[in-house]
Every structure is written in structure tokens, then in C-alpha cells.
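Just so it is clear, the structure is predicted and the values come from calculations on it, not from any experiment.
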Amino acid sequence: MELVTLERIQAARELLKGVTRVTPMEHARDLRKLHGGPVYLKCENLQRTGSFKIRGAYTRIHGLTGAERERGVVAASAGNHAQGVALASSLLGAKSTVFMPLRAPLPKLAATRGYGADVHLHGALLEETLRAAVEFGERTGAVFIHPFDHPDVIAGQGTVGLEILEQVPGVKTVLVATGGGGLVGGVASAVKALRPDVRVVGVQAEEAAAYPPSLAAGAPVRLSQTSTMADGIAVGEPGLVSFAHVESLVDDVVTVTEQSLSRAVLLCLERRKLVVEPAGAATVAALLQHPGVFEAPVVAILSGGNVDPVLLLQIIQHGMTAGGRYLRLHLRVPDRPGSLVGVLKCVSELGANVLDVEHSRISGSLDLGDADIVLALETRGPEHCKEVEVALTNAGYTVV
């Protein structure tokens, strides 16, 4: 299969001038120690529509004939591609219809409609949504705009790679969040054409990683299921076009856990003041989970920032727990006046913040004269958690 050329990506960049923005590059000094050199974050979460997807969508729709645009376009997406297609269509004067899963995040749904698309909710899984969009196109004549598996889409996404090489000329490793493979394929096409020595590494969620088995088999392999908070990269099977690019040009694909994803979202929010969705923070998760693995200078692409505020709250709590900053302790204490006060005083002196207290004196598991106390605490990290537990044990309280 013929791969997207550097000339095609450069042409896409000219096309996108005035449509997309050159997103900023943030120096992540707090991650330097983990990798022995500079780490930079390419902030595509600050792109128009909140993700890189507008690059590929605009390039693809612009390449349609006048007659094709007249028939309109149709797409299927959990949110970011939907917004990219909706905005690109409105800029190019084409009617857009977008199919989204039934449980698509409300902010992404509202934004897609706000950009002018006619939105249909269909299917619990993205594969079902995709089928509905394809059927709509066959029935109405609307052109299906694939989220990743088309050369024009890959060329548009590849413009991110050109910007990276200009912003960090000495880059040695580029980390790219990977679902279907359009972004990593495009970035690799651009980077390898100009700097073949730079390593390009795809990052997938452990519970939605279709590329490792596909690369091992030498052809796209469908996962039986995907289950991850990173809905933007929860793709069950690579496409033929994107797979060819990844197989030929990408140096490695690594996976990250749900705990690492939530920690990464929290780190971006706390340390960088950047709102990044779980899929967009997958590259930062790789930096946290695989210290010392990537040669610096490293550029990690933050591919999107469209996240439901309710989900963001859950992720923050999950990230704090994964980072050892929440501690839940079950204590058994003597059932006498002052026991609870004594526990809370001890915790207070250690600088832990009490979030919740459960105190029970009546239970089938309790001996006469005992009481149970369950504490939910906010701490400064894993070492502080251990310090609190040891201090309570030394004070005579039993940690159940």
C-alpha cells in the first residue's frame, strides 16, 4: 500500500493555514527527572474543537468534489472527530450528519450540534455507531468521513509532526496517543521523512490495545471488547490504511493502565494547568508508567481536551487514589468515651485531612467492648499514608 508522502502532508499544512492553529509546546520540567532530559507537551488539547481531529477532517472534506460536498457528509465518533467534521463542514459549506454512541459525553454532543451538525445517537459501542453512519451514507449518498482510515485524514494529522520538528528541533522521541492510528501514522510519516533517527512511539490504553496483537499478526486484529476511560482511543480494530503506516513507520507501541491514565489527567491539571481528556493524556501516562524508557528530548502529544466535567471529577478522585493521596483505614478501637477523639487527634497531628468518618459500635463482627472506625483521608502521598498507618498502630489502634 502506498504511504502518505511528505509532500502530501506539506500540502495539507498549506491548506490548513488560517483554519487550524499552531498549538503551543509546554516544557514539563516536573517530568525531566523521570527521563533524564527535557520533556515537552504538544498541546493539541488547545486546538480548535479541542483536539487534533479538525486537521484531518478539514483536509478530507476539502478534497471532495463539488458534487460530493453537495450530497453532504456523514461521520461516526465518540466526540472529537464529530466536532472536527462538524466545524470543517460548516467552513466548507457542506451539510454534516454525525452519529454518536448513546452514552456520548454531553459536552461533546452539545459542541458537535453547536458547530452545525445534525446529530443522531445510535448504539452502545462505537462499532455499532460506525455501521449506522455507513448505512446512512449508502442510503442518502452522503460521503462517509472515516475518523482515521483515509490518506487525506492521515496527511492532515501529519501536520502535527511538522510542527513538532520546528518547535523542538533536537527531539529524539515522539509519543502519540493511538486509537485507530491516524494521528500516529501521520506524525510518523512526517517525522520519519525529515528525521528518520527520531523514534515515534504509539501509546494505547491497556484495555483497548488493538495494535500489539495486530502488529504481531501482521494484519489488523479485532478485539473482543474494549473497556477504558480513554474513550477517544477505544478503537477495537485498526484500519487497513492506518495499519500500513504504523507497521512501516512507527518504532513501538506501548500500553498504559487506567491508574496511569487518571494520574496523567491529574498531573496535567495540577502541574500544567491544562484540561486534558484521558485519551489525550495517554502519552503522559506512558511517561509516568515507563520512566527512563524514552530517550530525551521527548515530545508527548496531548491529543484532546474534551472531557465531561462529571467524568473529570471522577478521574481526579481516581488519580488521587492511584497516586496514594487518598487513604481509607478501618480501625478497631476500645468502645469507650474519647477513642474517636484520640484517633482524630492523632491523624490531625500527622497533617492528614479527614474527608469522611464512619463510627460503628454494633456489628456481628465486633467483640463486646470494641468499636469500628473507618476513616477516609487525604494525604500528601504514599509515604505519608504509611506514616499515618504506622503512627496509629504505634498509638495502640488496630488496623483491620
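Between P238 and P220 the shortest heavy-atom distance is O-CB, 3.5 Å. Taking both residues in full, the closest heavy atoms of L249 and A188 are given as CB-CB, 3.7 Å, listed atom of the first, atom of the second, then distance. Taking both residues in full, the closest heavy atoms of A76 and P147 are given as O-CG, 4.3 Å, listed atom of the first, atom of the second, then distance. Smallest separation of non-hydrogen atoms from M100 and L109: SD-CD1, 3.9 Å. Between A296 and K172, the shortest heavy-atom contact is O-CG, 3.4 Å. A190 and L162 get closest at one heavy-atom pair: CB-CD2, 3.9 Å.
Ion pairing of R272 with D30 is present here, as a side-chain N (NZ or NE/NH1/NH2) and a carboxylate O approach within less than 4.0 Å. Under 4.0 Å is where a charged nitrogen must lie from a carboxylate oxygen, and between D370 and R336 no such pair does.
Note: F99 and H120 have parallel aromatic rings, judged against thresholds of 30 and 60 degrees for the angle between ring planes.
Under the 4.5 Å side-chain heavy-atom criterion for Ile, Leu, Val, Met, Phe, Trp and Tyr, L261 and L269 are members of the same hydrophobic cluster. Put simply, L15 and V187 are part of two different groups of oily side chains (I, L, V, M, F, W, Y) that touch within less than 4.5 Å, one to the next. Clustering ILVMFWY residues whenever any of their side-chain heavy atoms sit less than 4.5 angstrom apart, transitively, puts V399 in the very cluster that holds V354. Follow the hydrophobic side-chain contacts under 4.5 Å out from V333 and you reach L340 in the same cluster. The hydrophobic cluster containing V4 also contains I164, counting ILVMFWY residues as joined when their side-chain heavy atoms lie under 4.5 angstrom apart, directly or transitively.
Checking H330 against D372 by side-chain atom types alone, a donor-acceptor pair falls below 3.5 Å. Side-chain polar atoms of R55 and T159 form a donor-acceptor pair below 3.5 angstrom. A donor-acceptor contact closer than 3.5 angstrom is absent between the side chains of S51 and Q83. Of the N and O atoms on the side chains of K42 and T23, at least one donor lies less than 3.5 Å from an acceptor on the other residue.
For the pair H122 (side chain) and L130 (backbone), a donor-acceptor distance under 3.5 Å is absent. Under a 3.5 Å cut-off, the side chain of E258 and the backbone N or O of M229 do form a donor-acceptor pair. Between the side chain of Y211 and the main chain of G179, no donor-acceptor pair closer than 3.5 Å is present. Between the H245 side chain and the V241 main chain, a donor and an acceptor come within less than 3.5 Å of each other. Between the side chain of T398 and the main chain of V400, no donor-acceptor pair closer than 3.5 Å is present. Looking only at distances, no side-chain donor or acceptor of H290 sits under 3.5 Å from a matching main-chain atom of V293. No side-chain donor-acceptor contact under 3.5 Å links H35 to the backbone of G37. A donor-acceptor pair is defined here as one N or O able to donate and one able to accept, closer than 3.5 Å; such a pair exists between the side chain of R71 and the backbone of G141. Counting only distance, with no hydrogens or angles, the side chain of S214 and the backbone of V221 share a donor-acceptor pair below 3.5 Å. In this structure, the side chain of Q157 engages the main chain of G56 through a donor-acceptor pair within 3.5 Å.
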Candidate pair D251 and K192, rule salt bridge (charged side-chain N to carboxylate O under 4.0 Å, His left out), full reasoning: CA-CA 10 Å; D251 295 286; K192 292 295 185 179; 2.7 Å; yes
Residue pair R328, E358: steps toward the salt bridge (charged side-chain N to carboxylate O under 4.0 Å, His left out) verdict: CA-CA 11 Å; R328 188 172 178 84; E358 296 178 22; 3.2 Å; yes
Test side chain to side chain contact (heavy atoms under 4.5 Å, CB included) applied to T49 and Y115, step by step: CA-CA 9 Å; T49 74; Y115 289 125; 3.9 Å; yes
L16 vs T59, side chain to side chain contact (heavy atoms under 4.5 Å, CB included): CA-CA, chis, key distance, verdict: CA-CA 7 Å; L16 291 170; T59 305; 4.0 Å; yes
Worked check of salt bridge (charged side-chain N to carboxylate O under 4.0 Å, His left out) between E383 and R325: CA-CA 10 Å; E383 292 183 2; R325 291 166 56 183; over 6 Å; no
Test side chain to side chain contact (heavy atoms under 4.5 Å, CB included) applied to V174 and R199, step by step: CA-CA 6 Å; V174 178; R199 284 181 63 80; over 6 Å; no
From CA spacing to verdict: side chain to side chain contact (heavy atoms under 4.5 Å, CB included), L288, L34: CA-CA 8 Å; L288 294 173; L34 291 177; 4.1 Å; yes
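With sequence neighbours excluded, no residue forms a side-chain hydrogen bond (donor to acceptor under 3.5 Å, both in side chains) with Q225. Judged as a side-chain hydrogen bond (donor to acceptor under 3.5 Å, both in side chains), and not counting sequence neighbours, the contacts of R13 are E166.
Applying the 6.0 Å contact sphere to CZ of R271 captures no more than 12 heavy atoms from other residues, nucleotides or ligands. Heavy-atom contacts from other residues, nucleotides or ligands closer than 6.0 Å to CD of E2 number 12 or fewer.
Residues L350 and E387 meet the side-chain proximity criterion, which asks for heavy atoms closer than 4.5 Å. In this structure, the side chains of V168 and M25 come closer than 4.5 Å at one or more pairs of heavy atoms. Proximity of V299 to V39: side-chain heavy atoms (C-beta onward) are nowhere separated by under 4.5 Å. By the 4.5 Å heavy-atom criterion applied to side chains, K95 and D118 are counted as neighbours. In this structure, the side chains of V341 and L344 stay at 4.5 Å or more apart for every pair of heavy atoms. Side-chain contact check for P107 versus V307: every heavy-atom pair is 4.5 Å or farther apart. In this structure the side chain of V176 never reaches within 4.5 angstrom of the side chain of V201, judged on heavy atoms. You'll find the side chain of V235 stays beyond 4.5 Å of the side chain of T226, heavy atoms only.
Here NE2 of H62 is found 11.0 Å from CG of L91. Values are rounded to the nearest 0.5 Å. For the atom pair CG (L64) and CD1 (I145), the distance works out to 5.0 Å, reported to the nearest 0.5 Å. How far CG of D231 is from OG of S77: 9.0 Å, rounded to the nearest 0.5 Å. The CG atom of L183 sits 12.5 Å away from the CZ atom of F148 when rounded to the nearest 0.5 Å. Between I154 atom CD1 and I9 atom CD1 the span is 9.0 Å, to the nearest 0.5 Å. Distance check, rounded to the nearest 0.5 Å: OG of S96 to CD1 of I61 gives 7.5 Å.
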Would you mind writing out the side-chain donor-acceptor pairs for residues 274-287 within the sub-3.5 Å range, not counting sequence neighbours?
from	atom 1	to	atom 2	distance (Å)
E277	OE1	N80	ND2	3.4
E277	OE1	K108	NZ	3.2
E277	OE2	N80	ND2	2.9
E277	OE2	G305	N	3.3
E277	OE2	N306	N	3.1
T283	OG1	I301	O	2.9

